Each structure stands twice: as C-alpha cells, then as structure tokens.
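What follows is a short report on a single structure.
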Amino acid sequence: MGKINGWRDIIDYPIINKWPLEGLEKVLFGASLDCAWECCNYNQFNNGRLCLTLSGGLDSSLSLGMIKRAMDHGALPIQNPFDIYTFTIGQTENHPDIQHAKMVTKSFSVNHFILIPDKHRTERAKERLKNELSSLGEDIGTLGVFMLYEFLKEYNVKMVIAHDGIDELMGGYWIHRQDAPNEEKMEAAFRNLWGQLKEKHLIPLETIAQYFGIRVIFPYLQKDVVECISRIPVLERTGHEVSKIPLRRLAEKYLPREIIERPKIGFCDALKKF
C-alpha cells in the first residue's frame, strides 16, 4: 500500500502535454485502494466498516465504484459486500442527490443511510454551530456538513472517506469553464480555486469532523493524484460544455450513464429546494 499523504501535502506541478488515461486510472484506483485499506486498518474503531459520504454525483460514485471493484477482486481485507456503508444528506426523498445515490448503492449492493433533516434537527444544528463552532459561520454548506457528520457520529463512524478537491483539480465549477478556450484565463481560475480549497473547504470540514471525533480521508487529494492531474493541460481537464472530461471517460467503466451525465449539484444545494 502507498503512503497516505492527505491534503496537507498538496502542491502544484508543471503541466505536461502527453498523459495516458490509463495512467490516471491507475493513480486514482491506487489512491482509492490506499484510502480503503487505511479505513480497514481502522477496523477496531470503525467496527469493521468502510464508510463513505456519497452525493450520488460523479466524484463520490466513481470512488465507490473503484473501491467496490477492488474489494470484489480480493484486493481488500473485506469479504462481505455489505461491509461498505455510504451516507447521503438531502432535503427531501426526491432530491437528486438521494435518488442518484440510491441508484449507485443499489447497483453496487452496499449499505446506504440517508439523512433528511427535519426542522428540529436543523435548528439544533444551527444553535450548536453558533455556540460551539462560531468561527465557522452558519451558511447552508457548513450547516449541511455539520448535520451530515452528526449523522455519522450517530452510527459510531470513526473514519470516513470524503471526496473534496477533485472539482478544484479537474475543473468542476463553472468558473473553471466560463472562459474556455482561453487557456490563460482558465489557468488563473484553476489557481484561484485551488488556492481557496484549504481555508474555504478542508479546514472547516476537518474542524467539524474532529468535533464529532471522526477522521476524514481524501482519495482525490493524495499526493500522486494531485501530481497526476496537475500535469494535465487545463483544456484537456474541462471545457465550456463539459466539465471533468477525463473523469467522465474513466467513469464509463464503473458507473451508469445517468450518473456520468448528471448535472453538477453542489453539496449545499442538497439542502435547498430544486
């Protein structure tokens, strides 16, 4: 197994013009396997479960697909397919996050736990954030993360795989794509969003996770993944019409077409009406 580096080792790398899709798949598969193995080695605290947050979108679904394939081929110390546990949050049962996550978990035959926060849970979370983690603010994204990790705590989860960072690396946001094919402007957008990742997303996430006694591990922020994707020219990572192009090509081997072609829905949007 490779070394788990985590987001604290993120760094920029020079662009190269020739890169094989098979090489990217190998790196992503290896990172997913390493993170899953790390969670398995955490068994005495995680009760033998491999736990992931799952939005039903491309990023988390591909990670789950790679882990499930590794498990099915005996590359993980797990024998029972129901040792994988996934967790999704959404405003209603009909929210796309929940519907697509259900589709994915059914196709992979893994356990799926859904949180639809009621008014009482939401108000209680707001109050706890205000009184105990006031430095994080009370925006809807922070609130959603808080309630999701509170939900994980209720299931005695001690370690979870999350999927932050791949949008910043692969060009998942409209700001990455809006100026395509102007490479200079696109590179500026990549640098800007990558520079915000730590302070805006990772530190608040880990602060909340630690509050609930949970360790988070990020397959898309492993050092080899960051290096590999950072070397892909921005115009080959994302375009004006389609984002995260290499990731979608890889996902064809692992996921239903509906998941691959699903429009992006941000995490905080899972708690908004659609």
Side-chain angles (χ1 to χ4, degrees), residues 1-6 20-88 97-114 152 155-166 169-170 214-225 228-229 244 246-262:
M1 293 299 121
K3 179 184 177 183
I4 298 292
N5 296 283
L21 188 65
E22 299 79 15
L24 176 61
E25 180 180 21
K26 181 179 179 180
V27 169
L28 288 176
F29 195 89
S32 298
L33 184 60
D34 284 351
C35 289
W37 187 274
E38 182 84 352
C39 287
C40 292
N41 288 337
Y42 222 64
N43 271 349
Q44 65 270 35
F45 304 110
N46 237 24
N47 296 324
R49 301 168 298 171
L50 201 166
C51 302
L52 303 89
T53 57
L54 182 71
S55 70
L58 174 65
D59 309 333
S60 58
S61 299
L62 179 58
S63 173
L64 174 61
M66 287 184 166
I67 289 171
K68 187 62 166 58
R69 179 169 294 188
M71 187 188 75
D72 290 345
H73 285 80
L76 287 172
I78 301 175
Q79 301 302 319
N80 189 330
F82 293 100
D83 284 335
I84 297 180
Y85 288 70
T86 58
F87 298 85
T88 304
D97 277 5
I98 291 177
Q99 291 301 308
H100 286 94
K102 281 184 175 181
M103 179 190 303
V104 171
T105 53
K106 182 179 180 180
S107 67
F108 290 132
S109 300
V110 298
N111 278 349
H112 188 208
F113 301 93
I114 298 169
L152 293 172
Y155 282 87
N156 199 32
V157 174
K158 297 296 184 183
M159 175 181 281
V160 67
I161 294 175
H163 305 95
D164 298 75
I166 190 63
L169 281 168
M170 195 67 81
I214 299 170
R215 180 183 167 195
V216 190
I217 192 165
F218 306 93
Y220 291 123
L221 287 176
Q222 299 305 303
K223 188 175 181 180
D224 288 350
V225 174
C228 181
I229 296 176
K244 297 184 284 191
L247 214 62
R248 296 183 194 280
R249 289 173 60 193
L250 284 180
E252 293 175 0
K253 296 176 60 174
Y254 297 89
L255 300 175
R257 173 61 58 181
E258 187 172 351
I259 301 299
I260 299 170
E261 296 179 350
R262 174 191 171 188

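A quick note: this is a predicted structure, and the numbers were derived from the prediction, not measured.
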With side chain to side chain contact (heavy atoms under 4.5 Å, CB included) as the criterion, how do Arg262 and Met103 come out once you've worked through the C-alpha distance, each side chain's angles and the decisive distance to 0.1 Å?
CA-CA 12 Å; Arg262 174 191 171 188; Met103 179 190 303; over 6 Å; no

Dump the intermediate steps for side chain to side chain contact (heavy atoms under 4.5 Å, CB included) on Asp34 and Gln222, then the final yes or no.
CA-CA 9 Å; Asp34 284 351; Gln222 299 305 303; 5.8 Å; no

Would you please test Thr53 and Val216 for side chain to side chain contact (heavy atoms under 4.5 Å, CB included) and show each step?
CA-CA 10 Å; Thr53 57; Val216 190; over 6 Å; no

Evaluate Leu52 against Ser60 for side chain to side chain contact (heavy atoms under 4.5 Å, CB included), listing each step before the verdict.
CA-CA 8 Å; Leu52 303 89; Ser60 58; over 6 Å; no

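Of the possible polar contacts, one joining the Arg248 side chain to the Ile260 backbone as a donor-acceptor pair under 3.5 Å is found.
For the side-chain contact (heavy atoms from CB on, under 4.5 Å) test, residues two or more places apart in sequence or in another chain that qualify with Lys102 are Glu93, Ile98, Gln99, His112, Ile114. Not counting sequence neighbours, Tyr254 has no partner by the ring-ring contact (aromatic ring centres under 6.0 Å, His included) test. Looking at residues two or more places apart in sequence or on another chain, you find a salt bridge (charged side-chain N to carboxylate O under 4.0 Å, His left out) between Lys253 and Glu25. Every residue meeting the side-chain hydrogen bond (donor to acceptor under 3.5 Å, both in side chains) condition with Ser63, not counting sequence neighbours, appears here in chain and number order: His163. Residues forming a side-chain hydrogen bond (donor to acceptor under 3.5 Å, both in side chains) with Thr86 (at least two apart in sequence, or on another chain): none. Partners of Glu252 by salt bridge (charged side-chain N to carboxylate O under 4.0 Å, His left out), not counting sequence neighbours, listed by chain and number: Arg257.
Residues Ser61 and Phe108 approach most closely at O-CE1, 4.2 Å, considering heavy atoms. Of all the heavy atoms in Arg49 and Asn156, the pair that sits closest is NH2-O, 2.9 Å. The shortest heavy-atom contact between Cys39 and Ile217 is SG-CG2, 4.1 Å. The two residues Val225 and Tyr220 come nearest to each other via the heavy atoms CG1-O, 3.5 Å. Considering all non-hydrogen atoms of both residues, Thr88 and Ala101 come closest at OG1-CB, 3.4 Å. Minimum interatomic distance between Val157 and Cys51 (heavy atoms only, all atoms of both residues): CG2-SG, 3.9 Å.
Each of Asn111, Thr105, Leu54, Ile67 was checked for a side-chain contact (heavy atoms from CB on, under 4.5 Å) with Ile84, and the lone residue meeting it is Ile67. Met170 pairs in a side-chain contact (heavy atoms from CB on, under 4.5 Å) with only one of the listed residues (Asp59, Leu247, Leu58), which is Leu247. Checking each of Ile161, Val160, Asp83 against Leu50 for a side-chain contact (heavy atoms from CB on, under 4.5 Å) leaves exactly one that passes, namely Ile161.
Interatomic distance, Ser109 OG to Lys68 NZ, rounded to the nearest 0.5 Å: 6.0 Å. The CG atom of Leu250 sits 4.5 Å away from the CG atom of Leu21 when rounded to the nearest 0.5 Å. Atom CG in Leu64 sits 9.0 Å away from atom CE in Met71 (nearest 0.5 Å).
No close placement of the Tyr155 and Tyr85 rings is indicated, their centers lying 6.0 Å or farther apart.
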